[in-house]
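What follows is a single structure, written as structure tokens, with notes after it.
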Amino acid sequence: MARLRALVVAVVALFALGPAQVMGEGAQREGVHVAIACGALGIELEMCAEAASQWARETGNTVQIVNTPNSPGDRFQLFVQLLSSQSSDIDVLQIDVVWAGMLQTHLADLSDMREEADAAMFPALVANNLVDGRFVAVPWFTDAGVLYYRKDMLAKYGFTPPETWQDLTRIAAAIQQAEREAGNGRMWGYVFQGKAYEGLTCNALEWVSSYGGGSFLAPDRTFTADNPRAAASLDEAAGWIGTISPRGVLNYDEEASRGVFQTGNAVFMRNWPYAWALAQAESSPIRGKVGVVALPAGPGGESAATLGGWQLAVSRYSKNPEAAKDLVRYLTSAKEQKRRAIKGSVNPTIMALYDDPDVLAANPFFGTLSSAFKNAVARPARPAGARYNQVSDAIWRASYDVLQGDKTGKAAMEDLEEEIARIAYRARWAETKVGQ
Ligand code: GLC
């Protein structure tokens, strides 16, 4: 916590020094100034900066790109600090799919952009950003967990991609052992996001849900993970640590897992679609050797992908809300979403782009995995509302305890139930209707 506070203070202080990057040539044309805080994963920042500067050139406004921390938790804290002080320093914010309920009081109503969104975008994503009838953010890109595998390795040892976690465990162990015996001492079977942060909540939800163990909180806020399937899925994941996954996975986020996979040192990786464009980049050692399939299912269960993704919102404290909205409109347009899908393999929120031949040629799995994207499982952000971060924090800590070998899946889920009951008590959930 102390580290986080120091980081937030440092980022805010840096920010207060002045624009990190000012772009656009239109200031002399009496444009206005808009600051946008966008993502940091892979080439996200680069793509955001390219488009924002193009918008600035076309409109005669100037735009400033505010650098934000890579970790979603740190980024959230930074936004909360700025917004709570009603700072007008950031006009447009990139917010996670699970943040609308927590940040809504600070976000402008974008209802005048609702019609366009309704006409083109996935209805569930639009609905996710409706809080008390206000449309607080426009879906920019969507995410779902997928399984990356080494096509060449599976072919070499005569395997097909796994359909269950048991298959994955078996294939990963076999290839890891064979490769190590052949002198490839750094080879691992499976990398994923095992660090204690939001990404682990996403991975744990996929394990639990693919075992038929629910999704932690039901829409009416009932705790659903105190069941043998949920416990078994976590116990199985714990069995990977130090066997098919390096112990270091307990400190891996998206980019750390990608680092291992992309240098050729893992057979399987769980990640979001952005990793595809990077794996296929000209300089990538695994270019042409990677396949993408749906995540495995648990015994008797079905594959589950956690719904992720990011939205663009306008701060209520923006001094230039009209220009800020115009930037949001530009960045979420079909043209820009298509460019980002091709360049960065990020999933559009505009349904028609999934039939676009250029998008599909760049990302063949957008077509083959369309049901995984459509049926992605939501984290309990709706039922948890303003308390989502506390709930997610409890989920990832419980999952981490199991991965580390400190608790069994069963004990961790019992403790998690109690912890969520405490959050519910403090939040007076029993006295308020769901969604309030
Ligand atoms: C990705 C997802 C986001 C999620 C995060 C967790 O960025 O899009 O929804 O919260 O990963 O690390």
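Computed from a predicted structure; not experimentally measured. Atoms within each ligand, like the ligands themselves, are counted from 1 in listed order.
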Shortest protein heavy-atom distance from atom 12 (O) of ligand 1, along with the residue and atom involved: E254 OE2, 2.6 Å

Cationic N near anionic O, under 4.0 Å, D393 to R397: yes

Which residue and heavy atom of the protein sit nearest atom 7 (O) of ligand 1, plus the separation: W310 NE1, 3.0 Å

Any donor-acceptor N or O pair under 3.5 Å, side chains E336, Q54: no

Sub-4.0 Å atoms of ligand 1 with respect to non-hydrogen atoms of G199: 6 (C), 12 (O)

Sub-4.0 Å atoms of ligand 1 with respect to non-hydrogen atoms of E198: 10 (O)

The one among I95, D96, N70 that brings a heavy atom closest to atom 4 (C) of ligand 1: D96

Ligand 1 to R379 polar contact by distance, N or O atoms, under 3.5 Å: yes

For atom 2 (C) of ligand 1, the protein heavy atom that lies nearest, with its residue and separation: D143 OD2, 3.4 Å

Whether F366 and Y354 hold their rings parallel, tilted or perpendicular, with breakpoints at 30° and 60°: tilted

Distance flag, aromatic centroids of W240 and W188, threshold under 6.0 Å: no

Lys NZ or Arg CZ of R426 over W429 ring: under 6.0 Å, within 45°: no

Side chain to side chain contact (heavy atoms under 4.5 Å, CB included) evaluation trace for V138 with T349: CA-CA 9 Å; V138 183; T349 58; over 6 Å; no

Structural part of Q193 in contact with ligand 1, heavy atom criterion under 4.0 angstrom: neither

Between F192 and W207, ring centroids under 6.0 Å: yes

For atom 11 (O) of ligand 1, closest protein heavy-atom neighbour: W272 NE1, 3.1 Å

Ligand 1 contact by Y197, heavy-atom criterion under 4.0 angstrom: yes

Ion pair check, R75 and D96, cut-off under 4.0 Å: no

Ligand 1 N/O within reach of G309 N/O, cut-off under 3.5 Å: yes

